[in-house]
Amino acid sequence: MERRTRGAATEEPMLLPDRNTVERLLRHYRAQERTVLAAPCDLSVRRRFEDTAYTLCVLMGVRSTPEALRAAERYVAPGAARAPRAQL
């Protein structure tokens with residue numbers, strides 16, 4: 001994990017997630033998304049999907065799944081800046 005600062009107002013360091021972990025989690029999320037679409041009534045499948053979405057939100061430091069997906073995709077993109085959130 002790398003370190004970054006939270007913002008100009010606070011100099012509190014934050015850890016950055018490992019790129020490989022974020023890539024793996026994105027792939028896992030997309031696979032589970034397809035599974036949920038194929039079996040929307042399966043509660044165990046939905047629970048795993050929601051757990052993965054939550055983990056992605058935590059890793060990327062955002063509150064919503066769409067934000068986490070965008071941040072993760074930017075973070076793992078080739079040549080992308082090291083910070084996962086655009087606010088930095």
Participant: Work out which heavy atom in P17 is nearest to a heavy atom in L59; give both atom names and the distance.
Facilitator: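 Taking every non-hydrogen atom into account, CG-O, 3.6 Å.
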
Participant: To the nearest 0.5 Å, tell me how far R24 CZ sits from D18 CG.
Facilitator: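 So the CZ of R24 and the CG of D18 are separated by 8.5 Å.
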
Participant: Got R63 and C57 here, is their nearest side-chain heavy-atom distance under 4.5 Å?
Facilitator: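 In short, these two side chains do not touch, never coming nearer than 4.5 Å.
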
Participant: Is there a side-chain contact between E67 and M60 (heavy atoms, below 4.5 Å)?
Facilitator: no

Participant: Taking the side chain as C-beta and beyond, is there a heavy-atom pair between L43 and R47 under 4.5 Å?
Facilitator: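 Yes - at least one pair of side-chain heavy atoms lies under 4.5 Å apart.
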
Participant: What is the minimum heavy-atom distance between Q32 and T52, and which atoms define it?
Facilitator: OE1-OG1, 2.6 Å

Participant: Do any N or O atoms from the side chain of R19 and from the backbone of Y75 form a donor-acceptor pair under 3.5 angstrom?
Facilitator: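 Yes, the answer is positive, given that a donor and an acceptor are paired below the 3.5 Å cut-off.
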
Participant: Under the side-chain contact (heavy atoms from CB on, under 4.5 Å) rule, collect the residues that match up with E33, sequence neighbours excluded.
Facilitator: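 E33 satisfies side-chain contact (heavy atoms from CB on, under 4.5 Å) with Y29, R30, F49 once adjacent residues are dropped.
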
Participant: Would you say the side chain of L56 lies within less than 4.5 Å of the side chain of T65, judging by non-hydrogen atoms?
Facilitator: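 No. Closest side-chain heavy atoms not under 4.5 Å.
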
